[in-house]
Amino acid sequence: MRFTVFGCQSMVSRRGFHGGLMQVSSIMGKTANKPHEFHMSMNQRIPLPLPANLPFVEDLYVEFLRDPASISPEWRDYFKDVENDGDHPMARRRGPSRPPKSLFDPERGRVDLTRPLQASLHPPAPSLPRQAPLPKDALFARNHAETGTSRLARDTIIGEQDRVSQLVQAYLVRGHMAAAIDPLEMPRSVHPELDPAFYGFTENDLDGRFSTHGIAGADFLTLREILDRLRAAYCGSIGSQFMHISDPERRAWVRERMERPKNHASLKRQEQIRILTRLTDAVIFEEFIQQKYPGAKSFSLEGAESLIPLLDLAIETAGEQGVEEVVLAMAHRGRLNVLANIVGKRPREIFHEFENVIDPLREGRGDVKYHLGHSTDWVTASGRRVHLSLCFNPSHLEFVNPVALGRTRAKQDRNGDPTRTPCTAILIHGDASFAGEGVVQESLNLSRLEGYCTGGTLHVVVNNQIGFTTLPNEARSALYATDVAKMLQIPIFHVNGEDPEAVARVVRLAMDFRRTFHSDVVIDMYCFRRRGHNEGDEPSFTQPLMYGVIDKRRPLREYYLGHLLRLGEVDRDEADRITVERRRELERDLTEARSHTYMPLREKSTGIWAGYYGGLDGDAEEVGTGIERGPLVTLMETLTRLPEWFHPHAKIIQWLQRRREMAAGARSLDWSAGEALAFATLAVEGHPVRVSGQDTPRGTFSQRHAILHDTEDGRMYVPLQHLAPDQATVEIYNSPLSEAGVLGFEYGYSLDCPDSLVLWEGQFGDFVNAAQVIIDQFLVSAEEKWRRLSGLVLLLPHGFEGQGPEHSSARLERFLELAVNDNIQVVNPTTPAQYFHVLRRQVLRRWRKPLIVMTPKSLLRHPQAISTLEDLEQGRFRRILFDRTVRPERVERVLLCSGKVYYDLVGLRDELKRDDVAILRLEQLYPLQNEELHNSLTSYSSKAPVIWVQEEPANMGAWRYLFARFGDRLMDTWSFSAVCRPASASPATGWHDLHKIEQQKLLKAAFDVH
């Protein structure tokens, strides 16, 4: 029989009114809206040609149900014939008049969605609380209320295959909600859309055959088989969230891997033995610590021991995928276990720290043992070498994340591999902190940005289901702790941490996704915290029910060993030998740690840090920072040349012309020119330069223009990247609107690039307080706590110019309060040459300390804040700038100041025609050398008072720092006092006119003018 079908629907799975029609749809495949001609056997019942596609036929049937007389006699007879056929699919579609019983009932066996298909290592969970299924009328009312058709018509529109398709889709989207991921088996609701009864199916429908809609393994299966496969893929010990991903390729990849049969197959014996061994390592270490040091804080990993085999397999897999370095970061829980069993720190070193033996040779004040980092070389089973670095981390939990990412990016940039394959990061999070700390979102947001991407990070959430004493319903508004990660186009895999084989499978899945898509991926490992927040804490005060369940649980190793014994994959003697050997090794390490002769190895600066040092300012060498005029002129001219194809903005043409005049010596250098020459000279000398911040390429005040934009096609050109064929890299990036995350990233970057100039710029210096944790816990204290050096530079626009409380102060006082033992450098340069020399000094000296620069705003274009090429050629950075415009013997008053206020003071002095007032600039506020300050004042009479002048209120700025150091007698010689704004809770007024009045009062007071 030959006939033609027009507009045949493209979906293979749609079920027609007759079995033959379903086959027609399948035969037509993916073509649509074209006539098709084909043959069918005579025994297939097709009473008349199909004038339209299948939805059209269904619409006709709706009209038939409303009014049989409204359609043609041929179709009316056909539909009557269909309804009289009890075996016809449409007869079943009209269904029962009441909702079918929920198929969640566990007594119904194979369709019980509350139990995973695979045998559990633990007793099965109690039946989950069941929600009553929505009746089909309710489902229809939600989706099709506007049609006004009868219920019979509605049941027709949502055909059986359509309902199966919706069921499959529900498992893809919400199957994780029925997954057995909680080892404590706490009650949780199962979404009603996972219940087949929600779609009107009864047990009588379970053996009907349907299109599988792409479920791996077959094109058509019974509903029972479809449910079994969906449950196996999405409702076992792994729950996956991936349908939020908009990229169909990524979604399809995850689905195929989740539904792949071997994703649920048992592991090989060798893999099982390795997991058992690593679990034994984790469990025995924790038991040993508790036995030998009862009550001591260790922030045990107990209840989450699967983290050790997880990391073991992740590193092994990374090595096989070509990774040569892994940067790890984590908080304190389980850190000692990871140090001992993953990162290679000898247990004797850890035990020595428990013994509280003070090392007289220890530099700095140190940190608690569960904050310390370590590095080692890991050799994979196949012989590949992978270098591991565990970052030092304070108790601020997630703030180490951007630091680790910055280190990873620096290692990748140093290797020069654009694929970012040789180095990756593994970040280990806590559930409460992942959901609660905003720096997590800031760090995730960096993952796809050009200036910060690292080619994919593995995030592992150790989900204890509690934060200190706070339960999830008190700690987050989202269903999962990991929901913040859905902002990225990445999958989130929830896994039962008490099913170590499921953990192993999900690690492979996650690492393969990371490698395939060069993208982040999240593993949310559900576990529990066997003890309280620390070993001295009593958790049952606040969670008696949870800890009643936890107290009854045996260690995971025992469960898993029992599982392997039942499978016959291991014998008891073999397992016991592993345990005995591990305990014996720990006993040997403890004996050695308690020996009076034991001395832990002192860490030395090696590798890329060899030759760099910290310590006191007096130990720092002086270096020449000047550059001969010829190279300066050449570089300045090079910075003004544009390629022929480039169409610059009209104002940029003028700006470049001024630069050419500077190169010719016809115009003095302004601030941005001094900075550009500092960057350029360092780059051609082989030192990489990296600058990032909000609006940094152009500059907040439109002064830098480091990246030029073509006005016709938008292409970008970076003159600093075209200085010389063999120059070092110069990277300048706009950052996201984030301070803590980006500053943490740049700090981490500086840890692995000691020979580079790495700078972070605040849009305004006032905004740096949003990154205070990074400053307090890392930048200023890392050398003292962890003996870690950094040469990071902070550029913080600072100055009182009537722009209000949030655009005036970089909080200079806070940095000076944190300054001690020469841990940082704080400068406030007032000329382009001073800025040029301090940037070059930062790199050319081998002494590595963070540099805080109070950068100007109005001085960027101030006619007196200028320098010459000779200043860059012959000079160096001077910590104090003398006043050479007055004769010392005539001076009756000395004004000491820093920054932009100097020019205001000079302006008033000129106006008053005062030649008895000297104005000195303190360009480096810390470290401050008393001898140099004293030498700068010796030419003035001891009777001349020295007055510190600052724009900031009395409780801010540098005054309190200076007064605490010198009191009211400077060097026991000169009287010392201050002129400043009155103490205030807010840095500056929001009224511009009031600012001008305040400023005039301040300046006049400095000259004692009333």
Side-chain angles (χ1 to χ4, degrees), residues 618 622 626 668 827-834 837-838 859 862-868 870-871 873-952 954 957-959 961-980 999-1010:
E622 288 298 329
S668 297
V827 301
N828 195 356
T830 55
T831 70
Q834 282 284 88
H837 288 297
V838 80
L859 296 193
H862 196 288
Q864 291 180 301
I866 54 177
S867 298
T868 64
E870 287 74 14
D871 295 330
E873 179 182 7
Q874 300 172 358
R876 59 179 177 83
F877 178 73
R878 301 186 182 278
R879 301 181 185 215
I880 301 174
L881 290 181
F882 303 157
D883 188 346
R884 305 188 185 281
T885 63
V886 295
R887 295 169 57 183
E889 64 272 14
R890 293 184 57 82
V891 170
E892 297 180 1
R893 191 180 190 88
V894 179
L895 303 183
L896 190 61
C897 65
S898 185
K900 166 248 177 189
V901 72
Y902 165 78
Y903 293 98
D904 295 338
L905 291 169
V906 169
L908 184 57
R909 183 178 66 176
D910 292 346
E911 180 182 333
L912 296 173
K913 295 181 171 47
R914 295 280 296 269
D915 62 356
D916 61 342
V917 178
I919 306 175
L920 278 65
R921 285 170 275 180
L922 202 56
E923 299 279 288
Q924 178 165 307
L925 291 153
Y926 192 85
L928 179 58
Q929 295 179 350
N930 287 4
E931 182 180 357
E932 187 168 358
L933 179 59
H934 183 272
N935 291 339
S936 70
L937 296 170
T938 54
S939 59
Y940 306 117
S941 169
S942 61
K943 296 180 181 180
V946 177
I947 302 169
W948 173 256
V949 184
Q950 66 177 40
E951 297 179 297
E952 299 90 345
W959 169 238
Y961 153 74
L962 293 170
F963 186 75
R965 179 163 181 162
F966 299 114
D968 58 6
R969 296 293 296 177
L970 187 61
M971 308 295 179
D972 295 324
T973 303
W974 296 271
S975 66
F976 192 41
S977 61
V979 171
C980 43
Q999 193 75 356
Q1000 283 301 309
K1001 287 182 178 180
L1002 182 140
L1003 296 175
K1004 289 181 178 179
F1007 288 92
D1008 196 23
V1009 174
H1010 302 287

Using side-chain heavy atoms (C-beta onward) and a distance below 4.5 Å, is [X] in contact with [Y]?
{"X": "Val1009", "Y": "Leu912", "value": "yes"}
{"X": "Ile947", "Y": "Leu896", "value": "no"}
{"X": "Leu905", "Y": "Phe1007", "value": "yes"}
{"X": "Leu937", "Y": "Tyr940", "value": "yes"}
{"X": "Leu920", "Y": "Leu895", "value": "no"}
{"X": "Val979", "Y": "Lys1004", "value": "no"}
{"X": "Leu922", "Y": "Cys897", "value": "no"}
{"X": "Trp948", "Y": "Phe963", "value": "no"}

What is the minimum heavy-atom distance between [X] and [Y], and which atoms define it?
{"X": "Gln834", "Y": "Arg876", "answer": "OE1-O, 3.6 Å"}
{"X": "Ile866", "Y": "Pro863", "answer": "CD1-O, 3.5 Å"}
{"X": "Gln924", "Y": "Pro927", "answer": "NE2-O, 2.9 Å"}
{"X": "Pro832", "Y": "Ser867", "answer": "CD-OG, 3.3 Å"}
{"X": "Tyr961", "Y": "Leu925", "answer": "OH-O, 2.7 Å"}
{"X": "Leu928", "Y": "Arg965", "answer": "O-NH2, 2.6 Å"}

Would you give the length of the straight line joining atom [atom1] of [X] to atom [atom2] of [Y], rounded to the nearest 0.5 angstrom?
{"X": "Lys900", "Y": "Leu859", "atom1": "NZ", "atom2": "CG", "result": "8.0 Å"}
{"X": "Glu622", "Y": "Phe877", "atom1": "CD", "atom2": "CZ", "result": "10.5 Å"}
{"X": "Ile919", "Y": "Leu881", "atom1": "CD1", "atom2": "CG", "result": "12.5 Å"}

Using distance alone, with no hydrogens and no angle criterion, decide if Asp904 and Gln999 have a side-chain donor and acceptor under 3.5 Å apart. yes
Can you name the residues that form a salt bridge (Lys or Arg N to Asp or Glu O under 4.0 Å) with [X], not counting sequence neighbours?
{"X": "Arg914", "answer": "Asp916"}
{"X": "Asp1008", "answer": "none"}
{"X": "Asp871", "answer": "none"}
{"X": "Glu952", "answer": "none"}

Glu923 bridged to Arg878 by N-O distance under 4.0 Å: no
Should the pair Tyr903 and His862 be assigned to parallel (<30°), tilted (30 to 60°) or perpendicular (>60°) ring geometry? tilted
Check: Gln874 side chain, Gly626 main-chain N or O, donor-acceptor pair, under 3.5 Å: no
Which pairs count as side chain to side chain donor-acceptor pair (under 3.5 Å) when at least one residue sits in residues 884-895, sequence neighbours excluded? Asp883-Thr885, Thr885-Arg909, Arg887-Glu889, Arg890-Asp915
Report all side-chain donor-acceptor pairs from residues 970-977 shorter than 3.5 Å, counting only partners two or more places apart or in another chain.
residue: Thr973; atom: OG1; partner: Met971; partner atom: O; Å: 2.9
residue: Trp974; atom: NE1; partner: Ser941; partner atom: O; Å: 3.1

